[in-house]
Amino acid sequence: MAGAEKSGLLGRVSFSGQSNAEADAPPLWPAWQRLSDAGVWLHWHLPLLKHQDDAGTLLLGSAQFGSRLDGEALAQWWQSYQQQGDAALAQLEGHFLAIILDRRRQCVTLAVDRFSTIPLYYAAAGDGVALASQLPLLRHAMAHRPALSMQGIYHYLYFHMVPAPLSVWEGVHKIPAGHLLKISQGRAELVRYWQPVFLPAASGATQLRTQSAAAALLVERLTTAVERAGAQSSAAFLSGGLDSSTVTGLLSRQREGDVDAYTVGFDAAGYDEMPYARIAARHFGVRHHELYLQPDDVVEIVPKIAGAYDEPFGNSSAVPTYFCAAAAAAAGHDTLLAGDGGDELFAGNARYAKQKLFEHYLALPAWLRAGIEQGVERLPALGQVPLIQKGYRYIEQARVPLPDRLESYNFFATHEPAQILHADLLAAIELDQPLKLLRDTYQAVTADHALQRMLWLDWKQTLADNDLRKVSVMTQSAGIQVRYPMLDDALIDLALQLPPDWLLPGQKLRHFYKQAFSDFLPQQILTKPKHGFGLPFGVWMRDAPRLRELAYDALASLKKRTVLRSDYLDQVVQLHQHDHAAYYGESIWIYMMLELWLQAWHD
């Protein structure tokens, strides 16, 4: 893949304050810079600003303070940190990685931004802590190669990625979004320095006077965010959805149409959004670059994509993301603007509307719900009536609390784990850990409305752990940078002030956002049904022998490992061939990517 130049951050912090790590540091690439301090060594090949004085050393990448980033702003923030300590991290804006060597407090602090757009891994190493921005780099700073984590593998099978703070290696952790790792006095402590505070839903005490005033503010702030993110040599992803169309359109307006936009299409019914991307491109007058992928394109690149991720990663839309990024990089662009984040800030995911229907039932008085349920239970003979069956299922699901209800259709909720997982894996894991992680995250926010808590959960897992990781790794692999204007801090702050009834009145997803941009976006984009950016892998497999061979070979190799039952994998293949190709094709993709990742990084 194109992004072959090694970059990142690597280091070790000694608890004793005296370390031989510097002498033992492995030889690295000549371009890497080095910083040594008492018990600390760091190597980096990242765009980090450095500030150093008697109080300590600050390394800061990609952040802003007071809407700017320069030496003066850096010194100003450093003074705030000296006065406020870790609380000053909440004042940093943008996508950043902060490393603070604080001599006065005798500690080292490592922090990632609100969405962990620059990841940081850490693990115990000798008499201290090893750290790195990429898992392969972390091995340079550890005394031993870590073993594969069976719990991490199970989390991948459950979520199709490994969510923070877990990793796929034993003893290795990721710093979660909005957190810092403080290393001091012989211990390392993970601390949350930022979490959102949503407007109390019942109070109506929004500082925004009217929806129209709030909508105007949204347009103003997103326009500023695109302007700040869009360098002259930047291009845009364009899927034809609300967010990529808005970002592309704002960039075009700022440059009077001098913009390149990239779209991947598929010759497969239900997967191709090219017609909508063309509508947006014509409407905003941009140069539109169309790429149509074929199964053989995927065969060549999939093993490389699997190996590009630090951990197993199962989001199939990584493939079109990579091809868009590679095309933009080949054309000479150095940055792509992505539209990720709009659905999670402004209530665009279908599950929000669906869960609202269940919450209506739970809002009924307890005596009324009890009467309904008792009445239903006394009518077993009517259980065969389709409408009554639907009512049974509705009540059954409604009684499951959030966030567990969000996983009602997860494979491990609808199937017995013992029928899926190899006995050795089953014996080594705790089956309830994924749901425990979801519950802990769901409850760890100041919010009093289910929609707000679901948004927060998606900020952490859908964005930080999945979509942003997908795009960031694929763009880096293609040799191009990415910016996320939808996740500008000013937009996040605005989203926190919007009442749930503005965001999702009735069942109208993205209502507030659509109203704000109703005069800007084409009507066809505003009214189009929500569409994913996925890959027609399961459909293609039926008629593409090379793709099928790649998948089946991977599953055959996976059978030799103690991860999934062989008979279960055989069953999935049979169901794909004779039942629902798209649905079971997605399962095969998840398992294939796990095996290809294991071949690349573990074997």
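Hydrogens, waters and symmetry mates play no part in the numbers below; they use all other heavy atoms, side chains included.
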Polar side-chain atom of [X] near backbone of [Y] as donor-acceptor pair, under 3.5 Å:
X      : Y      : result
Trp597 : Phe313 : no
Arg405 : Val400 : yes
Trp456 : Tyr442 : no
Lys356 : Leu504 : yes

Taking [X] first and then [Y], would you say they form a salt bridge - that is, a charged N and a carboxylate O separated by under 4.0 Å?
X      : Y      : answer
Asp488 : Arg221 : no
Arg510 : Asp243 : yes
Asp37  : Arg103 : yes
Arg228 : Asp489 : no
Glu311 : Arg469 : yes

With sequence neighbours excluded, residues passing side-chain contact (heavy atoms from CB on, under 4.5 Å) with Ser149: Gln151, Glu170
Which of these, Asp310, Leu120, Val112, Val162, sits in a side chain to side chain contact (heavy atoms under 4.5 Å, CB included) with Lys174? Val162
Test side chain to side chain contact (heavy atoms under 4.5 Å, CB included) applied to Leu426 and Leu431, step by step: CA-CA 8 Å; Leu426 199 58; Leu431 287 169; 4.0 Å; yes
Residues in salt bridge (charged side-chain N to carboxylate O under 4.0 Å, His left out) contact with Glu344, at least two apart in sequence or another chain: none
[X] side, atom [atom1]; [Y] side, atom [atom2] - distance, nearest 0.5 Å:
X      : Y      : atom1 : atom2 : value
Lys182 : Glu189 : NZ    : CD    : 8.5 Å
Asp53  : Gln82  : CG    : CD    : 6.5 Å
Trp44  : Arg34  : CH2   : CZ    : 10.5 Å
His160 : Ile590 : NE2   : CD1   : 4.0 Å

Validation row: Asp86, Thr109 side chains within 4.5 angstrom (heavy atoms): yes
Can you confirm whether Asp343 sits close enough to Tyr352 that some side-chain heavy atom of one is under 4.5 Å from a side-chain heavy atom of the other? no
Only counting residues at least two apart or in another chain, list the ones meeting ring-ring contact (aromatic ring centres under 6.0 Å, His included) with His173. Tyr122
Does the side chain to side chain contact (heavy atoms under 4.5 Å, CB included) test come out yes or no for Asp440 and Leu437, once each step is laid out? CA-CA 5 Å; Asp440 290 347; Leu437 179 62; 5.6 Å; no
Angle class for the [X]/[Y] ring planes (parallel below 30°, perpendicular above 60°, tilted otherwise)?
X      : Y      : result
Tyr484 : His95  : perpendicular
Tyr158 : Phe412 : parallel
Tyr81  : Trp78  : parallel

As a quick check of understanding, evaluate ring-ring contact (aromatic ring centres under 6.0 Å, His included) for Phe96 and Trp77, giving each step before the final call. CA-CA 14 Å; Phe96 67 83; Trp77 184 84; 8.4 Å; no
Would you check, one step at a time, whether the test side chain to side chain contact (heavy atoms under 4.5 Å, CB included) holds for Leu457 with Leu402? CA-CA 11 Å; Leu457 187 64; Leu402 285 172; over 6 Å; no
Test salt bridge (charged side-chain N to carboxylate O under 4.0 Å, His left out) applied to Asp458 and Arg351, step by step: CA-CA 11 Å; Asp458 276 343; Arg351 56 184 169 273; 2.9 Å; yes
Are Leu101 and Leu59 close enough, and set up right, to give a side chain to side chain contact (heavy atoms under 4.5 Å, CB included), and what steps lead you there? CA-CA 9 Å; Leu101 281 61; Leu59 294 172; 5.8 Å; no
